[in-house]
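Start at 1 and go down the list; that is how both ligands and their atoms are numbered. Note that the structure is a prediction, hence the values are computed from the model and not measured. Just so it is clear, the values below take in all heavy atoms, side chains as well, and ignore hydrogens, waters and symmetry mates.
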Amino acid sequence: MKPGYFSEHDSAEVVAARASEDADARAREIYRVLVKHLHAAVRELEPTQEEWLRAIRFLTRTGHMCDDWRQEFILLSDVLGVSMLVDAVNNRKPSGASESTVLGPFHVAGAPELPMGADICRDKKGTPMLVKGRILDTAGNPIDGARIDVWQANDEGFYDVQQKGVQPDFNLRGVFRTASDGAYRFKGVKPKFYPIPADGPVGQMLEALGRHPYRPAHLHYIIEAAGFQSLTTHIFDPDDPYIHSDAVFGVKESLMAEFRWTEDPEEIAAEEMRAPFFLVVRDFVLAAAS
Ligand code: BEZ
Ligand code: FE
């Protein structure tokens with residue numbers, strides 16, 4: 001039976017039926033589901049023409065804000081929790097494997113590969129931190145040859161790419177490769193909470209909703225090893241003031257790490273540090289490739 005003309009009550013079915021049966025099946029499915037939920041939202045909200053135009057203007061500003069470096073649509077997806085939901089449905093890990101979280105916009109490909117134990121802080125600013133642990137499989141065996149890409153904001157909450165000319169290039173970034181014991185270690189500085197870029201339409205939206213733009217202090221990791229699913233994740237400071245209200249919903253209970261203040265001279269010497277430091281010990285467990 002042919003669908004009827006457009007009406008308020010069967011609008012979604014009429015629009016969905018317009019897709020050709022010859023169109024790609026996944027494209028038709030995406031179209032049908034998006035139309036169904038968009039039409040349901042309009043029916044529930046009953047926006048005025050002025051409100052609808054404001055929504056169009058908001059999306060237009062979001063597009064205009066984008067360039068090679070700034071991706072305001074991804075930021076919008078982040079603050080709406082959509083990035084984390086896409087991450088969740090694509091990263092259902094087997095029991096025991098470490099959980100993933102958002103990548104974020106501040107990853108830089110091509111960070112230098114450094115010797116194990118190296119200091120990723122190139123400007124010597126901030127409170128020293130030592131991070132160490134092992135990369136394991138779900139049976140607890142160490143993974144040889146895992147590639148660990150780490151990056152973090154500095155003690156003032158800025159990434160190097162946000163402060164070109166102030167921080168050295170590749171400050172607080174590094175790539176490490178495990179040996180047969182699966183162990184890794186690097187030095188950095190205690191990270192600080194920071195606001196996501198809030199000078200555009202996404203920032204205006206957060207403001208209008210009475211939401212703050214802050215992410216709690218964290219370290220980023222991408223861990224890759226042959227035969228395993230790659231893991232994009234963070235570890236978080238559980239004592240951070242924003243730990244319960246991350247602007248992008250990236251916090252998970254399993255990603256909390258202890259940042260232990262260490263001033264015992266013997267421990268400082270044993271860890272080859274020069275001054276009191278925060279010690280973070282964190283293993284990661286990779287799921288086997290499917
Ligand atoms: C980040 O952690 O680098 C980040 C994640 C999502 C949005 C903005 C920043
Ligand atoms: Fe970050």
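- Of all the heavy atoms of Tyr194, the ones lying under 4.0 Å from any atom of ligand 1 belong exclusively to the side chain.
- Looking only at protein heavy atoms, the nearest one to atom 7 (C) of ligand 1 is Asp78 OD2, 3.3 Å.
- Closer than 2.8 Å to the Fe ion (ligand 2) sit the protein N, O or S atoms Tyr159 OH, Tyr194 OH, His218 NE2, His220 NE2.
- A 4.5 Å side-chain heavy-atom check between Ile56 and Thr60 finds at least one atom pair inside the cut-off.
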Donor-acceptor pairs under 3.5 angstrom involving side-chain atoms of residues 172-180: please list them, not counting sequence neighbours.
| from | atom 1 | to | atom 2 | distance (Å) |
| --- | --- | --- | --- | --- |
| Arg173 | NE | Asp160 | OD1 | 2.9 |
| Arg173 | NE | Asp160 | OD2 | 2.9 |
| Arg173 | NH1 | Phe106 | O | 2.8 |
| Arg173 | NH2 | Phe106 | O | 2.9 |
| Arg173 | NH2 | Asp160 | OD1 | 2.7 |
| Arg177 | NE | Glu113 | OE2 | 3.2 |
| Thr178 | OG1 | Ile143 | O | 2.8 |
| Thr178 | OG1 | Gly145 | N | 3.2 |
| Thr178 | OG1 | Ala146 | N | 2.8 |

Name every donor-acceptor pair, under 3.5 Å, that has one atom in a side chain of residues 283-290 and the other anywhere in the protein, sequence neighbours excluded.
| from | atom 1 | to | atom 2 | distance (Å) |
| --- | --- | --- | --- | --- |
| Asp283 | OD1 | Arg134 | N | 2.8 |
| Asp283 | OD2 | Arg134 | NH2 | 3.4 |

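- In this comparison of Ala198, Gly104, Pro105, Ala247, the heavy atom closest to atom 8 (C) of ligand 1 sits on Pro105.
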Salt bridge (charged side-chain N to carboxylate O under 4.0 Å, His left out) between Glu51 and Arg54, worked out: CA-CA 5 Å; Glu51 284 174 328; Arg54 277 175 68 187; over 6 Å; no

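- In this view, His107 and Trp151 satisfy the ring pair (Phe, Tyr, Trp, His ring centres under 6.0 Å) rule, not counting sequence neighbours.
- Close contacts of ligand 1 with His220, meaning ligand atoms under 4.0 Å from a residue heavy atom, involve 1 (C), 2 (O), 3 (O).
- Residue His218 has at least one heavy-atom neighbour below 4.0 Å for each of these atoms of ligand 1: 2 (O).
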Derivation and outcome, salt bridge (charged side-chain N to carboxylate O under 4.0 Å, His left out), residues Arg274 and Asp119: CA-CA 12 Å; Arg274 278 196 291 267; Asp119 193 347; 5.7 Å; no

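- Side-chain contact check for Thr262 and Glu267: no donor-acceptor pair (N or O, by modelled atom type) lies under 3.5 Å.
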Check against salt bridge (charged side-chain N to carboxylate O under 4.0 Å, His left out), Arg61 and Glu72: CA-CA 9 Å; Arg61 289 200 309 281; Glu72 196 75 356; over 6 Å; no

